[in-house]
Asks: 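Pasting in a structure now, in structure tokens, and then I'll have a few things to ask.
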Amino acid sequence: MEYTPRAFEKKWNRQWDESGLYKVSNDSDKPKYYVLDMFPYPSGAGLHVGHPLGYIASDIFARYKRLNGFNVLHPMGYDAFGLPAEQYAIQTGVHPAKSTEVNITRYRQQMDNIGFSFDWSREVRTCEPEYFKWTQWIFLQLFEHYYDNGLQAAAPITDLVARFSKTGTEGLEAACSETMNFSADKWNGFTKAEKEEVLMNYRIAYRKETFVNWCEELGTVLANDEVKDGVSERGGYPVERRPMLQWSLRITAYAQRLLDDMQPLEWSEAMKKMQSNWIGRSEGAQMFFDLLGFEEQIEIYTTRPDTIFGATFIVLAPEHDLVEKITTIDHKNAIEDYIEYVRTRSERERVSETKEVSGAFTGAYAINPFNGQRVPIWISEYVLKDYGTGAIMAVPADDERDNRFATKFDLPIIKIIDKSKYAWATMEDKVGVMINSDFLNGMEVKDAIQAVLEKLEEKNIGKRKINFKLRDAIYSRQRYWGEPFPISYDTDGVIHPISDLPVTLPELEDFKPASGGKSPLARAESWVNMDNGNMRETDTMPGFAGSSWYFLRYMDPKNSEAFAGQDAVNYWQDVDLYVGGTEHAVGHLLYSRFWHKFLYDKGLVPTNEPFKKLINQGMIQGVIEFMMLQKAEENGKKKFVCAKIAKERGEDGFARIPVLIDYVKDYGLETSYLNLESIQQFIKWRPEYKDAIFECGNGIFENGKFTSNGDATDSNLLTYSEVGKMSKSKYNVVNPDDVVEKYGADTFRMYEMFLGPVEQSKPWDTKGINGVFNFLRKLWGMFHDEEKFVISNEQPTKEELKVLHNAIKRVTDDIERFSFNTCVSHFMVAVNDLRKLKCNKSQILEQLIVLLAPFAPYITEELWYKMGFKDSVHKQVYPQFNADFLKEDAVEYPLSINGKRRASAKFATDLSKEDLEKMALAHPELQKWIEGKTVRKVIVVPGRMINVVVG
RNA sequence: GCCGAUGUGGCGGAAUUGGUAGACGCGCUGGAUUCAAAAUCCAGUUCACGCAAGUGAGUGAGGGUUCGAUUCCCUCCGUCGGUACCA
């Protein structure tokens with residue numbers, strides 16, 4: 001009987017759905033296990049073959065855990081707010097809610113096709129009011145809290161108010177935008193607006209004038225991690241820095257905890273490194289330089305306080321607050337010109353031209369607090385406003401950038417560290433002996449750092465300080481399709497939280513941004529102007545808002561009283577296994593951890609960290625195939641040339657035209673080509689090239705006719721192949737639906753796993769899929785003869801049991817270490833071996849089927865029922881491994897001479913080391929190699945190998 | 001530049017603690033079946049030399065430790081990802 005998977009896969013989809021097979025309860029005696037996928041953004045393009053890779057892996061694991069007696073939470077949902085839907089709306093007028101809904105329907109169909117065991121009754125969509133009500137609620141909590149550095153936890157802002165009215169800022173340790181000092185009396189004398197302003201300095205969700213990444217093209221602000229190389233990650237549009245009044249989240253308050261708590265997590269080293277680099281902790285000192293002729297001081301940050309005696313000038317960021325004040329009249333023009341120059345430079349230019357230094361002198365001087373020397377104050381774009389204090393002491397002898405700067409502007413360089421003992425050391429290595437440095441002379445750098453720190457604190461001119469690269473997260477977006485802020489402003493500009501949630505989006509006809517960098521919401525006047533005279537905040541929340549806590553909502557998705565009930569949260573605790581791509585390494589994963597910690601501080605979640613174990617699936621890329629179009633036309637005709645010929649003639653003369661990969665033979669290879677038939681397909685697809693000339697390897701194809709330049713009656717046109725993203729514009733998208741339609745979902749699932757380790761990226765290639773399909777056909781064949789289902793009830797032989805238990809052991813071990821590709825090969829081995837033994841015994845097959853069920857849920861269910869069982873294979877108990885069946889009487893030993901295998905022989909398992917040695921030496925094959933030489937040593941590893949050392 | 005991965009047949013990849021390198025699959029070659037083809041089945045397939053038995057080489061390159069290294073150590077090269085005037 002033939003294996004025709006589509007005949008029963010649809011049936012089981014229906015059945016599973018109707019019987020609620022994958023529904024999971026919050027009330028169970030079983031231990032819990034939470035397997036989570038990063039939920040997708042439902043884009044218009046639908047899923048391609050790369051998306052399900054991680055979903056398949058997590059689905060196998062979830063099913064495996066279920067068979068092993070766990071109550072498994074395995075949900076799915078949609079990250080449904082986002083820019084593409086809004087841009088689509090601007091272009092077409094289709095409401096984002098509508099297009100999102102359509103896309104979700106498509107995604108759901110595609111996922112259903114693959115047989116995932118998601119509990120769809122728990123689906124969440126971030127764009128739905130029942131969901132974002134709680135996103136808004138969490139935002140309000142962030143707004144109503146400050147971060148207490150003493151407690152190392154968030155605390156209610158009301159506590160802070162009480163404290164201020166009693167003791168002012170006295171002894172306060174709290175995360176803030178800028179350090180404040182006032183007494184209780186002063187606080188009590190503040191107006192309401194003034195008090196609000198002070199509190200804003202402490203709130204975890206706060207509003208402030210900030211330099212932001214403004215993207216004109218998108219009409220919105222972007223977070224740092226949404227900007228890549230000075231352009232927007234989505235769309236690649238230019239981004240500029242501009243000051244704007246924005247909501248931000250004080251993630252920096254959690255920097256140290258975000259760093260420390262990562263340690264015990266089962267995340268890849270790479271992932272942890274990416275996060276800790278992004279957090280960017282550094283230890284150093286804050287130091288104050290007096291200004292010559294001004295009362296203010298300049299606060300600098302340095303990790304190298306030991307180099308203070310080599311500090312020959314100060315550099316401020318061009319945006320630094322003091323610049324305007326200290327600039328002398330005769331330098332005013334130069335400074336203004338320079339600031340203007342910096343403003344015109346895009347982030348990209350600033351980054352790309354790193355070797356070129358520029359700057360301007362303010363005319364002002366500061367005093368080195370250690371030796372009283374006068375040092376000039378310059379400004380330069382290489383000092384960043386956002387990092388440290390926006391001011392540095394420049395030590396040209398010991399820092400490469402300072403050195404370039406000093407050389408260019410002819411500033412003094414004082415050598416302060418003798419590195420002659422450390423020939424390998426570069427300028428920046430923290431080694432050497434201090435010279436020209438007063439009380440530090442003769443000290444090693446390490447000791448000098450400590451000595452200066454002590455002195456700083458003793459003289460009260462600075463102190464130890466830990467600094468982070470991590471910036472607060474900008475939380476306002478000037479967009480329509482996002483969560484509205486539950487915030488309004490009264491006529492005095494005082495902020496009022498709106499506690500009646502959710503605050504929903506108004507209807508709009510036009511989704512274009514409003515003028516003046518405002519969100520489209522600003523145009524919905526009746527919505528903006530509230531009955532009480534207040535005006536609503538018109539910005540919306542960023543993409544990461546909804547995705548920062550969605551994993552908690554799955555625990556209790558229908559709850560209307562809380563983001564999730566305490567019972568549910570206490571039962572499910574945290575995510576045991578999280579599967580997703582590396583692209584979220586610093587964005588989503590960092591924000592989620594931050595929100596989770598905040599909720600933990602509030603006692604709303606029982607765990608400190610949300611994701612215990614993280615697996616990063618690789619990307620499945622596409623192959624992009626190009627045809628080489630000659631730039632110069634020939635006799636007024638366009639001309640395509642074989643890629644090989646193009647290469648010989650110099651590729652500059654050719655343009656690459658992507659071609660639909662379906663037309664290309666052997667795609668992805670150096671030898672990929674179009675034959676005459678596929679050239680005609682191409683012309684049909686792209687009629688603008690119907691008159692083109694095609695210069696193939698062995699002749700010319702033109703006007704439907706091939707003219708050979710030799711004997712060939714046919715010829716190929718080689719294409720140029722490249723590995724890259726799957727995308728519509730590259731005509732290389734492979735839809736999983738097509739693969740499933742042709743081979744069935746089980747084959748698709750197993751083939752994706754068989755491709756290689758899940759963590760690895762690789763180009764999609766359908767060539768090997770037949771191997772997996774054949775495997776399932778063979779399996780099917782074991783249960784059937786020519787026309788009907790037939791299995792035997794005989795007792796299995798020792799050999800058959802050995803095959804089965806070998807498979808159980810290997811598959812189980814490999815699932816545990818997420819090595820799914822090798823699992824597939826173990827199954828293949830088992831089926832091949834059992835077929836050789838002509839085994840169709842139910843006692844063997846039943847167990848094999850349960851073992852395979854997580855990988856191939858359909859064929860196993862079909863066979864299970866055919867075997868006469870009444871309950872789903874997916875509710876069975878995982879096969880128990882029994883080592884007794886693997887015991888052998890004899891072992892095949894490799895016999896080596898000097899580590900090189902020369903023969904092999906079967907010896908009984910229970911032989912002693914001495915016996916093994918004797919028997920090995922007596923082996924005729926080995927004798928040949930030993931003859932005429934001395935046996936120096938014999939190494940015997942029982943059960944493994946025997947090695948004879950001769951010489 | 002820094003950080004992290006990674007490099008194994010024609011291809012995807014396997015080898016969990018140092019112990020028979022190349023499992024499994026694709027592809028290819030030969031054979032069976034067939035009027036023929038597809039499909040299927042059987043056999044072979046790291047490379048070089050050889051009819052063969054066999055011999056030699058071989059996990060990016062070079063060195064080291066070891067009876068024995070794809071695995072551990074050092075130096076270098078390539079590819080991919082992250083990050084970058086971070087004081």
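Letters go in sequence order (proteins before strands), and every chain restarts at 1.
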Asks: Only pairs at least two apart or in different chains count here, so list each ring-ring contact (aromatic ring centres under 6.0 Å, His included) that has a residue in residues 384-408 of chain A.
Replies: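 For residues 384-408 of chain A, and leaving out neighbouring residues, the ring-ring contact (aromatic ring centres under 6.0 Å, His included) pairs sorted by first residue read A:Phe313-A:Phe405, A:Trp378-A:Phe405, A:Tyr382-A:Phe405, A:Phe405-A:Phe409.
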Asks: Work out how far the C1' atom of B:G22 is from that of B:C77, and round it to whole angstrom.
Replies: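 The same atom, C1', in both gives a distance of 25 Å.
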Asks: Using atom C1' of each nucleotide, how far apart are B:G68 and B:G31 to the nearest Å?
Replies: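 41 Å, rounded to whole Å.
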Asks: Return the value, rounded to whole Å, for the distance between atom NZ of A:Lys778 and atom C1' of B:C24.
Replies: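 Rounding to the nearest Å, NZ of A:Lys778 and C1' of B:C24 are 10 Å apart.
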Asks: Taking the same atom, C1', in B:G62 and in B:G78, what whole-Å distance lies between them?
Replies: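 Those two atoms are separated by 15 Å.
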Asks: Do A:Trp764 and A:Tyr751 have their ring centres less than 6.0 Å from each other?
Replies: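 They qualify: ring centres under 6.0 Å apart.
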Asks: If we take the P atom in both B:U8 and B:G13, what is their distance in whole Å?
Replies: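 9 Å, rounded to whole Å.
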Asks: Taking all non-hydrogen atoms of both residues, which atom of A:Ser437 and which atom of A:Ile416 are closest, and how far apart?
Replies: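 Between these two residues, the closest heavy atoms are OG-CG2, 3.5 Å.
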Asks: Considering only atom C1', compute the distance from B:U65 to B:A14 and round it to an integer number of Å.
Replies: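 It works out to 27 Å between them.
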Asks: Name all pairs fulfilling the salt bridge (charged side-chain N to carboxylate O under 4.0 Å, His left out) condition that reach into residues 804-814 of chain A, sequence neighbours left out, sorted by first residue then second.
Replies: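 Qualifying pairs, neighbours excluded: A:Lys809-A:Asp813, A:Asp814-A:Arg817.
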Asks: When you compare the protein's N or O atoms with those of nucleotides 64-75 of chain B, which come within less than 3.5 Å of each other, and at what distance?
Replies:
residue	atom	partner	partner atom	Å
B:C67	O2'	A:Asn947	ND2	3.3
B:C67	O2	A:Asn947	ND2	2.6

Asks: When you compare the protein's N or O atoms with those of nucleotides 55-60 of chain B, which come within less than 3.5 Å of each other, and at what distance?
Replies:
residue	atom	partner	partner atom	Å
B:G56	OP2	A:Arg902	NH1	3.2
B:G58	O6	A:Lys900	NZ	3.4

Asks: With sequence neighbours left out, what residues match A:Ala807 under side-chain contact (heavy atoms from CB on, under 4.5 Å)?
Replies: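 Once residues adjacent in sequence are excluded, the partners of A:Ala807 under the side-chain contact (heavy atoms from CB on, under 4.5 Å) criterion are A:Ala830, A:Leu851.
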Asks: Listing request: all side-chain hydrogen bond (donor to acceptor under 3.5 Å, both in side chains) pairs with a residue in residues 461-473 of chain A, at least two apart in sequence or in separate chains.
Replies: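 Passing the test, one end in residues 461-473 of chain A: A:Tyr206-A:Asp472, A:Thr252-A:Asp472, A:Gln450-A:Arg464.
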Asks: Among the nucleotides B:C86, B:A39, B:G82, which one has an atom lying closest to any side-chain atom of A:Arg401?
Replies: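 Within the option list, the nearest is B:C86.
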Asks: Between A:Phe468 (CZ) and B:A87 (C1'), how many Å, whole number?
Replies: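 Taking atom C1' of B:A87 as the reference, CZ of A:Phe468 is at 16 Å.
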Asks: Is a salt bridge present between A:Lys385 and A:Glu319, judged by a nitrogen-to-oxygen distance below 4.0 Å?
Replies: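 Not counted as a salt bridge, because no side-chain N and carboxylate O are separated by less than 4.0 Å.
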Asks: Rounded to whole angstrom, note down the P distance from B:U20 over to B:G12.
Replies: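 Pairwise P distance, B:U20 against B:G12, rounds to 24 Å.
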Asks: Tell me, which stems hold RNA chain B, with a stem being 3 or more Watson-Crick or G-U pairs in a row and both distances under 3.5 Å?
Replies: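 Stems found: B:1-7 with B:77-83, B:10-12 with B:24-26, B:27-32 with B:40-45, B:46-49 with B:54-57, B:60-64 with B:72-76.
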Asks: Any donor-acceptor pair under 3.5 Å linking the side-chain atoms of A:Arg777 with those of A:Asn774?
Replies: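 Yes, a side-chain donor-acceptor pair sits under 3.5 Å.
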Asks: Is the gap between the ring centers of A:Phe748 and A:Tyr743 under 6.0 Å?
Replies: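 Centroid separation for A:Phe748 and A:Tyr743: 6.0 Å or greater.
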Asks: Is there a side-chain contact between A:Tyr301 and the phosphate of B:A87, meaning an N or O under 4.0 Å from OP1 or OP2?
Replies: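 For A:Tyr301, the contact criterion (side-chain N or O under 4.0 Å from OP1 or OP2 of B:A87) is not met.
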Asks: Determine whether A:Glu283 and A:Thr303 satisfy the following criterion, side chain to side chain contact (heavy atoms under 4.5 Å, CB included), listing intermediate values before the conclusion.
Replies: CA-CA 6 Å; A:Glu283 281 178 34; A:Thr303 54; over 6 Å; no
Asks: When you compare B:G27 with B:A36, how far apart are their P atoms, in angstrom units rounded to a whole number?
Replies: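 That atom pair is separated by 23 Å.
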Asks: Please encode protein proximity along nucleotides 10-18 of chain B as a string of B, S and -, counting only heavy-atom distances under 4.0 Å.
Replies: --BSSSBB-
Asks: Phosphate oxygens OP1/OP2 of B:U40: is one of them under 4.0 Å from a side-chain N or O of A:Arg777?
Replies: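 For B:U40, OP1/OP2 do have a side-chain N/O of A:Arg777 under 4.0 Å.
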Asks: Which donor-acceptor pairs under 3.5 Å do side chains of residues 942-951 of chain A form with protein atoms, sequence neighbours excluded?
Replies:
residue	atom	partner	partner atom	Å
A:Asn947	OD1	A:Asn898	N	3.4
A:Asn947	OD1	A:Gly899	N	2.9

Asks: With A:Asn616, which residues qualify under side-chain contact (heavy atoms from CB on, under 4.5 Å), at least two apart?
Replies: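 A:Asn616 satisfies side-chain contact (heavy atoms from CB on, under 4.5 Å) with A:Ser268, A:Met271, A:Thr582, A:Leu614 only.
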Asks: From the set B:A87, B:U20, B:C24, return the single nucleotide nearest to any side-chain atom of A:Val829.
Replies: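 So the nucleotide nearest the side chain must be B:C24.
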Asks: If you apply the rule side chain to side chain contact (heavy atoms under 4.5 Å, CB included), what do you find for A:Tyr3 with A:Ile859, and how did you get there?
Replies: CA-CA 9 Å; A:Tyr3 171 53; A:Ile859 189 174; 3.6 Å; yes
Asks: Got a sec? Which of residues 309-317 of chain A come in under 4.0 Å of RNA chain B, heavy atoms?
Replies: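 None, since no heavy atom is under 4.0 Å.
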Asks: Please state how far atom CE in A:Met274 lies from atom C1' in B:G81, giving the value in whole angstrom units.
Replies: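 About 6 Å, once rounded to whole Å.
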Asks: Go through the steps to decide whether A:Tyr341 and A:Tyr338 satisfy the test ring pair (Phe, Tyr, Trp, His ring centres under 6.0 Å), and finish with yes or no.
Replies: CA-CA 5 Å; A:Tyr341 155 78; A:Tyr338 185 71; 5.6 Å; yes
Asks: If the cut-off is 4.0 Å, is A:Arg835 near the phosphate of B:C41, judged by side-chain N/O to OP1 or OP2?
Replies: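 Checking A:Arg835 against B:C41: at least one side-chain N or O falls below 4.0 Å of OP1 or OP2.
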Asks: Run the side chain to side chain contact (heavy atoms under 4.5 Å, CB included) check on A:Leu316 and A:Val383 step by step: do they pass?
Replies: CA-CA 6 Å; A:Leu316 304 181; A:Val383 176; 6.0 Å; no
Asks: Tell me every residue that passes side chain to side chain donor-acceptor pair (under 3.5 Å) with A:His784, counting only those two or more places apart in sequence or in another chain.
Replies: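 For A:His784, the residues satisfying side chain to side chain donor-acceptor pair (under 3.5 Å) (neighbours in sequence not counted) are A:Lys866.
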Asks: Quick check for you: among B:C3, B:C86, B:G25, whose closest atom lies nearest to any side-chain atom of A:Lys273?
Replies: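 Shortest atom-to-atom distance from the side chain points to B:C3.
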Asks: Does a side-chain N or O of A:Asn774 approach OP1 or OP2 of B:U40 to a distance below 4.0 Å, or not?
Replies: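 For B:U40, OP1 or OP2 has a side-chain N or O of A:Asn774 closer than 4.0 Å.
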Asks: How long is the straight-line distance from CE of A:Met287 back to OG1 of A:Thr389, given to the nearest 0.5 Å?
Replies: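 It comes to 11.0 Å.
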